[in-house]
Amino acid sequence: MSTIQEEIRRRRTFAIISHPDAGKTTLTEKLLLYGGAISMAGAVKGKKSARHAVSDWMEIEKQRGISVTSSVMQFEYQGACINILDTPGHQDFSEDTYRTLMAADAAIMVIDASKGVENQTRKLFKVCVMRHIPIFTFINKMDREARNPFDLLEQIERELGIKTYAVNWPIGCGKEFRGVFDLETRHILSFEATGGAHTVSKTEVSPDDPSLADLIGKQNHAQLAEDIELLDGASEDFNLNAIQAGELSPVFFGSALTNFGVEPFLKRFLELTPPPLPRLANGTEVSPFDDAFSAFVFKIQANMNKAHRDRVTFLRICSGKFERDMEVYHVQGNKKMRLSQPQMMMAENREIVDEAYAGDIIGVFDPGLFSIGDTICAANRKVCFEGIPTFAPEHFARVRHKDTMKRKQFVKGVMQIAQEGAIQIFHEPDMGMEEVIVGVVGVLQFEVFEHRMRTEYNVEIIREPLSYQYIRWIGGDVEHPTHLTISSDTKVVQDFKDQYLLLFTSEWNIRWALERNEGLELLDFSKN
Ligand code: G4P
């Protein structure tokens with residue numbers, strides 16, 4: 001096996017998805033600690049500011065209040081080269097969060113044990129399902145009061161439509177949390193809390209050890225025996241193919257904050273998660289092990305350094321090896337070029353990369369050549385990857401320029417910001433660019449947009465919020481999209497590829513339109 005192939009085989013590229021506050025940042029940091037990528041042991045459960053300093057790296061963007069970043073952190077662990085893609089949540093939630101999942105080969109879903117499946121997780125989960133990538137579940141915060149573990153699994157299966165395979169099982173929760181029973185090795189990993197401090201004891205005991213009742217308490221002991229019996233009889237069997245096809249989710253219980261169950265999780269995850277996956281280009285699969293370099297653009301971060309008015313384009317390498325200064329071909333621009341200052345993010349640092357492999361993410365400086373979904377490949381081996389879908393925004397505003405003299409800058413700004421994928425723009429059929437409808441996935445994007453129009457394009461805009469909540473691309477057999485039977489508060493618009501869409505104020509109106517228009521299909525993403 002060549003070293004290129006070895007390098008690719010040891011790569012794992014995944015994203016962590018969760019609803020805000022479930023513990024994504026805490027888990028990410030614990031993983032980074034194992035990999036030695038950060039050295040903040042003990043300080044992880046620190047002030048919010050300290051935590052953010054580690055995983056929200058675009059601190060300057062943050063101060064400007066417009067952090068929309070999602071990047072990658074790379075670290076090594078036991079021979080594996082791990083790329084964790086950050087999926088912005090909280091107020092940073094944006095279309096980037098969805099797009100990041102297009103660059104991942106697996107996802108870890110963090111669930112708060114007291115809350116179960118929450119809204120944002122549901123949305124992100126849908127994108128993972130669309131791609132059939134493996135999804136691992138980490139049920140977090142077992143050191144707090146938690147819901148019944150059987151109920152949690154049942155909810156995941158019912159609401160998300162994925163089967164579950166428990167790798168370990170919790171013994172108690174909250175103050176009574178005593179550890180987990182590993183259903184594969186049939187050992188108990190015990191957890192001890194002393195006063196305010198938590199210590200993780202690595203004692204591995206077998207469930208029939210006579211000292212077990214003393215260790216975990218009589219009641220927990222009895223409960224565990226009952227649970228194991230139930231699980232042995234009723235749970236799904238291990239099936240690696242189903243896991244890797246995203247049909248069966250391995251479930252782990254633990255507590256990221258107290259570092260309980262994180263390392264066993266990481267180890268098992270690395271065994272079960274696949275190396276870089278093949279991607280479709282021109283209808284055929286490109287193997288990551290193909291020697292020729294290829295990559296696609298999944299994210300564009302504008303004006304990282306205001307002084308230079310530059311932007312950084314993030315590429316997911318799909319095959320082969322990238323070498324600094326190599327000549328590449330930009331398919332959509334039909335141009336040969338060298339990528340400028342290729343860099344990689346290593347926790348909080350950015351470093352120029354000399355080489356990178358399939359599975360890795362690199363950022364390159366970009367004067368405005370690239371768009372989301374573009375392919376960049378070796379000059380001698382031309383491929384074109386299928387584009388990245390456009391995901392339905394959820395917030396809409398009508399936008400126009402305040403000063404008619406600024407029309408040109410307005411059009412330029414709106415078009416460029418939309419091309420980067422920070423906003424989506426629509427217009428009413430047969431309307432020009434005097435007024436556009438801007439759609440965003442997270443409301444913060446409106447402020448980012450307004451701020452950028454003012455500071456980068458010198459245009460003040462008038463933004464009028466619209467009450468639409470849903471947008472759907474029109475699919476199916478529809479001859480005249482403007483002649484559909486729709487309710488009075490539903491609007492027909494077009495995107496700038498002239499595709500027709502419908503804007504709805506409620507789900508009820510979506511159903512209404514579907515019922516009254518035979519053959520109509522409504523899609524919440526558009527395949528580009
Ligand atoms: P997020 O990135 O998914 O939004 O979640 P984050 O890791 O920021 O965690 C949200 C809150 O939950 C944090 O508390 C964090 O300390 C806490 N947390 C994470 N994992 C666990 C766990 O396993 N057990 C317990 N008990 N708490 C956990 P916070 O009060 O919001 O922040 P801080 O003031 O503690 O920094």
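As the structure lists them, so they are numbered: ligands from 1, and atoms in each ligand from 1. In this text, all values refer to a predicted model and were calculated from it rather than measured experimentally.
- Atom numbering of ligand 1 starts at 1 in the shown order; those under 4.0 Å from a heavy atom of K24 are 1 (P), 2 (O), 3 (O), 5 (O), 7 (O).
- Considering only non-hydrogen atoms, atom 7 (O) of ligand 1 lies nearest to T26 out of L27, T26, I17, D21.
- Close approach to S18 involves these atoms of ligand 1, each under 4.0 Å from a residue heavy atom: 3 (O).
- Residues Q424 and E95 bring a donor and an acceptor atom of their side chains to less than 3.5 Å of each other.
- Residue contacts with ligand 1, taken as heavy atom pairs separated by less than 4.0 Å, involve K141 via backbone and side-chain atoms alike.
- Between A256 and ligand 1, an N or O atom pair is found at a separation short of 3.5 Å.
- Annotation: the span from R452 atom CZ to T455 atom OG1 amounts to 8.0 Å, rounded to 0.5 Å.
- Ligand 1 has an N or O atom lying under 3.5 Å from an N or O atom of L257, backbone or side chain.
- Near P20, the atoms of ligand 1 lying under 4.0 angstrom from a non-hydrogen atom of the residue are 4 (O).
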Donor-acceptor contacts, no H, no angles, side chain residues 131-138, under 3.5 Å, sequence neighbours left out:
{"from": "R131", "atom 1": "NH1", "to": "L101", "atom 2": "O", "distance (Å)": "2.6"}
{"from": "R131", "atom 1": "NH1", "to": "M102", "atom 2": "O", "distance (Å)": "3.4"}
{"from": "R131", "atom 1": "NH1", "to": "A104", "atom 2": "O", "distance (Å)": "2.7"}
{"from": "R131", "atom 1": "NH2", "to": "A104", "atom 2": "O", "distance (Å)": "3.4"}
{"from": "T137", "atom 1": "OG1", "to": "S249", "atom 2": "OG", "distance (Å)": "2.7"}

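- The contact set between ligand 1 and S255, taken as ligand atoms under 4.0 Å from a residue heavy atom, comprises 22 (C), 23 (O), 24 (N).
- Using a 4.0 Å cut-off to heavy atoms of T25, the atoms of ligand 1 that qualify are 1 (P), 2 (O), 7 (O), 8 (O).
- For ligand 1, the polar-atom distance check finds an N/O of G23 within less than 3.5 Å of one of the ligand's N/O atoms.
- In summary, the side chains of T164 and E157 do present a donor paired with an acceptor at a separation below 3.5 Å, with no hydrogens or angles considered.
- Taking the centre of each ring, F253 and W169 come in below the 6.0 Å mark.
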Inset, instruction - Take R186 and D232, measure what salt bridge (charged side-chain N to carboxylate O under 4.0 Å, His left out) needs, and give me the verdict at the end. - result: CA-CA 11 Å; R186 315 297 283 185; D232 284 348; 2.9 Å; yes
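- Under the ring-ring contact (aromatic ring centres under 6.0 Å, His included) criterion, F446 pairs with no residue at all, not counting sequence neighbours.
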